[in-house]
Amino acid sequence: MPTILEVENLSKKYGDFEAVKGINFSVEEGEVFGLLGPNGAGKTQTISMLTGVIPPTSGTARISGHDLHSDMDEVKKVNGLVPQDLALYPTLSARVNLNFFGRIYGLRGKELKDRVEDVLRIVALTDRADETVDKYSGGMKRRVNIAAGLVHQPQLLFLDEPTVGVDPQSRNHIFESVQRLNRERGMSVVYTSHYMEEVELLCSRVAIIDEGKIIAMDTVKNLIGILGGGIIYVGLEKVDDALLEQLAQLPAVSEAALVPPPVMPPPSEGEEPIAEADPVVTNPVVKIVAENSQQAVVNVISFLNDQDRPLTSLEILEPNLESVFLHLTGKKLRE
Amino acid sequence: MKSLSVALKDLQIMLTDRGELIQLFLLPLVFIIVFSGALGAIGSGEEDTRLPLPIVDLDGGEAAEALQAGLEAAGGVRPEIFDQAEAQRQIDGNEISRMLVIPADFTSGTQAGQVVELRLVSHPDADTQETEAVRLVVVGVTSDLALEQQIMASLRQMGEMQANVQEGGEVFNTERVLAQARSQFERAQTQPLIDISQTVPTQSGEREELPDLDLLAISGIAVLFVFATAQVTARSIYDEKKVGSFRRLLAAPMSKSSILAGKMLPNIVVGLIQFAVIFAFGVFGMRLFGLSSASIGNDLLAVFLVCLVITLCSTALGILLAAIARTENQIGGLSTLVVWGLGILGGAFIPIFILDQYLGPVVKLVPQYWANRALSSLMLRGLGLADVAIEIAVLLGFTLIFFLIGLWRFDFD
């Protein structure tokens, strides 16, 4: 498959703060590519650079063969952007909004009219197209928001968190629309979200992004495969290196490691340190990567009983992108 | 073309906002009605508008009384008898602007057919046009009075001559009397018996003629509200950024300058429509409210150019406001200061010649001052394009400064 988007060492700095740290990835034609990461990971900044909203500090990208720096006008014609915000004019009707967004991409006359009708059909709003947007429900506004990014028939559509604040019905509708655009019209899509279920459902490949860096990138299946059969967190009163080694040798277990204890943040300025209070004592937690979680749990519990080591806690995580993210960063996606 | 699409979209949004339409087009007319009425009452009202004319009567005779009665009847001036010393004291202290001195030999001289001299004394700072108006009234009354005095003296003389003629003799028949009267009339025209000497005032500085105060409100309010559209531009850009549609514009294949041009065009269109609506109301609508009709001057092209420059300046100010203000509250606060504060300082409600007098050069730092000055010159004083070249140049200077600072500070990210 030819590549429609190729990103090379793209970075964005604001003073000393580096929002995007030299990322590299590519998207093939007809692919739905996911950028998964928590809020503030750098997803929107990345999309903003690729769509010409903000200039990159360094690095570049080629979209449909056009360079981001030297051929921005062509890049913009190829791209479609659906921003995270409801970027619409609420006192105008959906049709007037779409007409406007078509005109700024150079569409006129019958072509514009046909395109507007087409995207209204795609988002199933033809019947209510002449109502002002401020009278729509949140989900309907989201659908018009998507339609506005489609009206000029982009080859590469950037969808930035398109389901934030949307009811389940509208969310499903948005998923269907994206799948249909990809399947029937061959549209390439870059889809950002912090909902792993969405990315798992829609995307063939995913880049997991955190603190401005891509920390993993592969197909959803391969990413989940990192965890094998899942992750087991076991709380114990005391842990030593020998125990960790013995746990890692158990059948159906591929890895065992001590989870670093949480670091207490220093008291903020002007705040008195709690000197008198007793320090909170937390039991050590061992993270076990399982080849088969059910079998591993049985083996681990049996081994610890034999060793007369009582469990203080037990948590089993099914293998999915959420647990992959937790495994890779030690943080939850929605923290 | 894409700029035009952005502009048309903004105008469509504006048309859906009744509050904004009222603020832009209806509120100025309400302000004009209120302020024209108020200023008109100050300017004309019920009080005596005749020019006061202190008279020092050193004669006290029949002709002096006739002169005073003639001045009173002529209108235009309000004669008031003053003691000579008091009148001199007041004119020295600039408490009165001028006085008319009737000499002691006024009655005897005019009756004897001799030339007598009235003195019209003015303070150096007295308004020359007012002094000229007073002089013309005095000339009119005195020429009638001199003619009357001369004809009466002739008739008396002819009567005395006829009485000395023997019975049945006729010295003055009707034809001779008419010829004598015609001769006296012509003499009065060419050799007036009453001369008016005038102390030519040496003015200490040019003083602006007081225009019709009620008409000042039209240009003042027009300038105020056209500059208020700067707030609309700034808010439109802020809203566009707030809802995220500005990102969509940036992502579209159009340059940043095209986006800005699209955001500025509606301000220019709305500003020109505001001027048209307000001026049309001034010319045709004021009468409906019992107010004086306005004139838009003698040079329509100059008025249009000044209006265009004012709207450009207001538009650039809108870009500057959008660039400086980071929050909705900041836009509101800055707009209140810049549009209303500077608008009032620039002569929206107070005539600029009064502001000049009391605030001095400070008002010259305000673009609205130059806008009001240009429009007043064209509309109230009937001047032409060449007479407002300085005002236009200053306004274009303000426009350039606002626009460059606005571009420099504008946050496209």
Side-chain angles (χ1 to χ4, degrees), chain A residues 12 14 19 44-45 47-55 57 66 71-93 95-108 112 132-134 141 145 148-149 151-152 154 156-158 160-161 164, chain B residues 1-24 232-233 235-266 270 323 326-328 407-413:
Chain A
K12 182 70 188 174
Y14 294 97
T44 300
Q45 293 290 318
I47 283 191
S48 295
M49 286 189 277
L50 295 175
T51 51
V53 173
I54 55 171
T57 306
H66 305 292
D71 211 1
M72 181 52 90
D73 253 16
E74 289 305 313
V75 165
K76 286 181 172 182
K77 284 177 193 167
V78 172
N79 285 344
L81 171 65
V82 178
Q84 189 173 344
D85 304 309
L86 287 168
L88 301 166
Y89 303 104
T91 57
L92 303 180
S93 70
R95 196 186 301 278
V96 172
N97 266 283
L98 296 174
N99 269 311
F100 167 68
F101 288 117
R103 278 198 300 271
I104 61 172
Y105 278 87
L107 299 177
R108 295 284 182 276
L112 174 63
T132 56
V133 169
D134 56 6
K141 286 176 187 169
N145 202 34
V151 73
H152 62 287
L156 176 61
L157 181 67
F158 290 91
D160 190 7
E161 305 263 13
V164 172
Chain B
M1 201 62 183
K2 288 170 185 171
S3 299
L4 206 59
S5 297
V6 175
L8 283 172
K9 178 265 300 170
D10 276 1
L11 288 171
Q12 274 181 302
I13 292 172
M14 196 180 285
L15 286 173
T16 63
D17 190 340
R18 279 186 203 162
E20 200 154 282
L21 290 177
I22 288 171
Q23 186 197 321
L24 290 173
V232 177
T233 303
R235 199 172 288 276
S236 160
I237 292 172
Y238 174 81
D239 286 345
E240 194 111 45
K241 285 183 170 182
K242 189 179 160 192
V243 301
S245 50
F246 201 74
R247 291 187 70 210
R248 273 217 153 105
L249 298 182
L250 288 170
M254 60 191 297
S255 63
K256 288 175 180 174
S257 55
S258 298
I259 295 173
L260 276 189
K263 299 303 292 179
M264 290 162 70
L265 266 174
V270 168
R326 291 279 179 266
T327 65
E328 201 165 2
L407 272 189
W408 171 50
R409 301 283 299 166
F410 201 91
D411 182 11
F412 282 98
D413 291 0

*Asks:* Donor-acceptor pair, distance only, cut-off 3.5 Å: does the side chain of B/K2 make one with the backbone of B/P253?
*Replies:*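 Indeed, once roles are kept as given, a pair shorter than 3.5 Å links the two residues.
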*Asks:* By a 4.5 Å heavy-atom criterion (distance strictly below it), what part of A/D73 contacts chain B: side chain, backbone, both, or neither?
*Replies:*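 For A/D73, backbone and side chain are both near chain B.
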*Asks:* With a 4.5 angstrom heavy-atom cut-off, is it the side chain or the backbone of A/F158 that approaches chain B, or both, or neither?
*Replies:*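 The answer is neither part of A/F158.
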*Asks:* CG/A/L107 to CZ/A/F101 distance, rounded to the nearest 0.5 angstrom?
*Replies:*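 Those atoms lie 13.0 Å apart.
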*Asks:* If you define the side chain from C-beta out and look only at heavy atoms, does anything of B/R248 sit under 4.5 Å from A/L88?
*Replies:*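 Heavy-atom side-chain distance check passes, below 4.5 Å.
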*Asks:* So which of B/A252, B/S3, B/G244 has the largest heavy-atom pair count under 4.5 angstrom toward chain A?
*Replies:*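 Ranked by heavy-atom pairs under 4.5 Å with chain A, first place is B/A252.
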*Asks:* Which atoms of A/S48 are under 4.5 Å from chain B, going by heavy atoms: the side chain, the backbone, both sets, or neither?
*Replies:*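 A/S48 touches chain B through backbone and side-chain heavy atoms alike.
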*Asks:* Taking every heavy-atom pair that is under 4.5 Å apart, which of A/D85, A/V53, A/T51 has the most such pairs with chain B?
*Replies:*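 Of the options given, most contacts go to A/V53.
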*Asks:* So among B/V6, B/T233, B/L11, which one has a side-chain contact (heavy atoms from CB on, under 4.5 Å) with B/P266?
*Replies:*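 Among the candidates, only B/L11 passes.
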*Asks:* Contact part of A/P90 toward chain B, heavy-atom cut-off under 4.5 Å: side chain, backbone, both or neither?
*Replies:*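 Contact with chain B involves no heavy atom of A/P90 at all.
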*Asks:* Using a 3.5 Å distance criterion without hydrogens, assess whether the side chain of A/K12 forms a donor-acceptor pair with backbone atoms of A/P55.
*Replies:*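 At least one qualifying donor-acceptor pair exists.
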*Asks:* Checking heavy atoms, do the side chain of A/V96, its backbone, both or neither come under 4.5 Å from chain B?
*Replies:*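 Just the side chain, heavy atoms under 4.5 Å.
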*Asks:* Mind jotting down which residue pairs meet the side-chain hydrogen bond (donor to acceptor under 3.5 Å, both in side chains) criterion with at least one end in residues 249-266 of chain B? Sequence neighbours excluded, please.
*Replies:*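 Found B/D10-B/K263, B/S236-B/K263, B/E240-B/K263, B/S255-B/S257, B/S255-B/S258.
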*Asks:* Would you mind checking which part of A/N97 comes under 4.5 Å of any heavy atom in chain B, side chain (CB onward), backbone (N, CA, C, O), both or neither?
*Replies:*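 Nothing of A/N97, per the 4.5 Å heavy-atom cut-off to chain B.
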*Asks:* I want to check something: taking the side chain as every heavy atom from C-beta on, are A/H66 and A/K77 in contact at a cut-off of under 4.5 Å?
*Replies:*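 No, every pair of side-chain atoms sits at 4.5 Å or beyond.
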*Asks:* Please examine the side chains of A/N79 and A/L156, heavy atoms only from C-beta on, and report whether any two atoms are closer than 4.5 Å.
*Replies:*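 Of all side-chain heavy-atom pairs linking A/N79 with A/L156, at least one is under 4.5 Å.
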*Asks:* Checking A/R103 side chain against A/R108 main chain: does a donor-acceptor pair fall under 3.5 Å?
*Replies:*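 Flag not set: sc A/R103 to bb A/R108 has no pair under 3.5 Å.
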*Asks:* Let me confirm one number: the OH-NZ distance from B/Y238 to B/K241, rounded to the nearest 0.5 Å.
*Replies:*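 Answer for the OH-NZ pair, B/Y238 versus B/K241, is 10.5 Å.
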*Asks:* Sub-4.5 Å heavy-atom contacts with chain A: which residues of residues 14-24 of chain B show up?
*Replies:*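 Checking residues 14-24 of chain B against chain A gives B/T16.
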*Asks:* Using heavy-atom distances under 4.5 Å, tell me whether A/L81 contacts chain B through its side chain, its backbone, both, or neither.
*Replies:*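 Both backbone and side chain.
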